[in-house]
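Each chain gets a letter, A, B and so on, in the order the sequences are listed, and its residues count up from 1. In this text, all values refer to a predicted model and were calculated from it rather than measured experimentally.
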Amino acid sequence: MSYAGGFLQGSQGGSQGSPGSKRSGPSALRPVTIHQISTAQQAHPEAEFYLDGQELKEITFVACVRNMSRGTTNIGYLVEDGTGQIDARQWVDNAGEENEQSNEIEVNTYIRVLGSIKTFSGKRSVNCTRVRVIEDMNEINFHLVEAAYVSMYHQKGGLPGAAGGGRADHSHIQAPYAADAANPYAAAGGGGGGGNQYSDLPVVQRRIMEFIAQEVASGESDDGVNVGAIHRGAGGNTSLDKVKMELETLIGDGHLYQTIDDDHVLPTN
Amino acid sequence: MERPTPRVNSARLQDHIGKTVRLIGKVISLEGESALLETSDSGQVTVKLSRTSNFADVYVEVIGRVSEDLSITELASINMGDKIDMDLVEKTVELTHRHPDIFPSSE
């Protein structure tokens with residue numbers, strides 16, 4: 001579920017700032033409900049949208065299509081997610097593959113939308129950059145949990161090490177994010193400033209990242225930490241192949257990069 | 001559907017009498033004009049079907065109005081396939097009611 005971390009840029013840069021003052025980058029993709037789109041704050045009609053003190057630029061949501069109109073240059077959707085409804089517009093280029101995607105979309109199907117908020121004569125709508133049909137229906141509920149998680153994150157800070165009162169309220173939503181039944185709080189004890197920045201990772205990946213951070217801190221791994229050493233130091237009962245797989249995931253997610261060869265890695269932060 | 005439709009389980013129906021809700025359930029039986037659903041909190045709810053109703057899958061999401069007798073009169077519904085994680089549904093229902101700023105109630 002490390003994919004979820006991608007929405008929270010602060011979680012990767014966490015070592016630089018205090019947990020309470022994390023800011024998402026300007027291009028962070030934010031999962032929201034339609035109600036949040038409708039209630040996002042805007043200083044004046046041309047201004048940026050803000051939600052929980054964060055600028056809303058790229059957004060994503062899951063909603064049900066209630067009406068559709070196909071034009072020659074765009075497709076209009078009226079979408080609704082149980083929290084509100086909003087118009088969404090997707091511009092189509094005739095040769096593009098977008099057409100194939102949106103051909104599957106019908107009224108009364110759930111879709112995942114990526115886009116940005118627009119205002120036209122006082123009415124908010126969504127300009128879609130990407131639209132696809134939901135195939136695994138659990139994604140609908142996943143999205144709702146994720147939207148709540150990210151809001152809580154911005155309102156109360158990240159999970160471990162967050163300012164005081166946030167914790168109790170987070171505890172009930174941790175489960176979907178800890179697929180390996182790991183407790184995100186388990187990492188909270190040690191490490192001071194940088195010790196909790198990997199808490200949103202699955203348990204094996206977190207162990208790997210913590211081990212690598214430790215090695216780097218010891219100052220003997222300037223050329224990168226060896227994969228074998230990671231396996232011995234952080235692998236536990238995990239096989240070498242599995243450790244390599246996890247490393248690939250961490251590299252793919254931007255936590256690590258390869259240094260002198262494929263068998264040596266360093267953290268990106 | 002301009003108004004919000006809160007996500008509910010069987011226990012929360014009594015807080016929403018006369019209101020429109022949405023509920024994911026497993027179809028237990030389907031006869032004539034009504035269906036019986038098992039909800040995410042392992043309760044049961046009777047759904048009075050609309051004429052255009054099309055329950056085809058194991059799981060369905062019903063949008064409908066809650067009657068005094070805690071049955072639901074279907075307004076619309078969507079087939080949800082056969083792989084719904086009902087624990088996730090139940091947790092989501094409870095989560096949404098704890099955060100009205102993100103998931104508003106019906107009025």
Side-chain angles (χ1 to χ4, degrees), chain A residues 30-40 51-52 61-67 78-87 106-111 133-152 154-156 168-177 179, chain B residues 1-9 12 16 19-27 39-40 50 52-64 74-107:
Chain A
R30 172 108 187 236
V32 293
T33 64
I34 291 176
H35 177 73
Q36 288 181 304
I37 298 174
S38 310
T39 54
L51 183 62
D52 304 322
F61 60 88
V62 173
C64 188
V65 179
R66 292 304 174 192
N67 212 337
L78 177 65
V79 293
E80 172 267 337
D81 69 350
T83 72
Q85 66 174 18
I86 198 162
D87 284 312
E106 301 167 20
V107 169
N108 245 12
T109 52
Y110 270 98
I111 57 172
V133 172
I134 297 285
E135 275 162 18
D136 182 343
M137 293 298 174
N138 289 310
E139 189 174 344
I140 301 164
N141 283 290
F142 164 75
H143 168 73
L144 299 171
V145 174
E146 187 178 48
Y149 174 80
V150 174
S151 266
M152 287 302 102
H154 288 309
Q155 287 173 21
K156 303 184 177 185
D169 277 53
H170 281 307
S171 59
H172 59 267
I173 53 172
Q174 78 190 26
Y177 287 87
Chain B
M1 252 151 276
E2 220 163 313
R3 289 208 195 118
T5 48
R7 290 175 163 79
V8 298
N9 50 28
R12 288 192 177 271
H16 294 87
K19 292 180 180 160
T20 306
V21 296
R22 61 173 69 200
L23 176 144
I24 294 177
K26 184 178 186 179
V27 181
T39 56
S40 56
S50 73
T52 55
S53 185
N54 176 32
F55 282 15
D57 290 354
V58 178
Y59 294 97
V60 292
E61 180 179 68
V62 179
I63 297 175
E74 178 194 16
L75 296 170
S77 47
I78 299 172
N79 287 306
M80 287 278 154
D82 57 1
K83 292 189 190 67
I84 289 288
D85 179 346
M86 287 302 259
D87 289 338
L88 172 61
V89 172
E90 176 63 11
K91 280 178 179 150
T92 308
V93 167
E94 294 304 325
L95 173 71
T96 57
H97 288 272
R98 266 194 297 263
H99 297 286
D101 56 324
I102 308 173
F103 311 97
S105 54
S106 41
E107 244 76 41

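Of the atoms belonging to B:Ile102, heavy atoms from both backbone and side chain fall under 4.5 Å from chain A. When heavy atoms are compared at a cutoff of 4.5 Å, A:Gln155 approaches chain B solely by way of its side chain, counted from C-beta outward. Contacts of A:Ile140 with chain B are made by side-chain atoms alone, with heavy-atom separations under 4.5 Å and no backbone atom involved.
Side chain of A:Asn138 to main chain of B:Lys83: a donor-acceptor pair is present (N/O by atom type, distance under 3.5 Å, no hydrogens or angles). With hydrogens and angles ignored, the 3.5 Å screen pairs no side-chain donor or acceptor of B:Asn9 with any backbone N or O of B:Ser40. B:Asn79 places a side-chain N or O within donor-acceptor distance of the main-chain N or O of B:Ala56, the cut-off being under 3.5 Å.
In plain terms, the two heavy atoms of B:Val62 and B:Ser77 that are nearest each other are CA-CB, 3.9 Å.
Top candidate by heavy-atom pairs under 4.5 Å with chain B, chosen from A:Val32, A:Asp81, A:Thr39, is A:Asp81. For the set B:Arg7, B:Glu94, B:Glu61, the count of heavy-atom pairs under 4.5 angstrom toward chain A peaks at B:Arg7. Taking B:Asp87, B:Val21, B:Thr92 one by one and counting their heavy-atom pairs under 4.5 Å with chain A, the maximum is reached by B:Thr92.
Among A:Lys156, A:Arg30, A:Glu146, the one residue that satisfies the side-chain hydrogen bond (donor to acceptor under 3.5 Å, both in side chains) test with A:Ser151 is A:Arg30.
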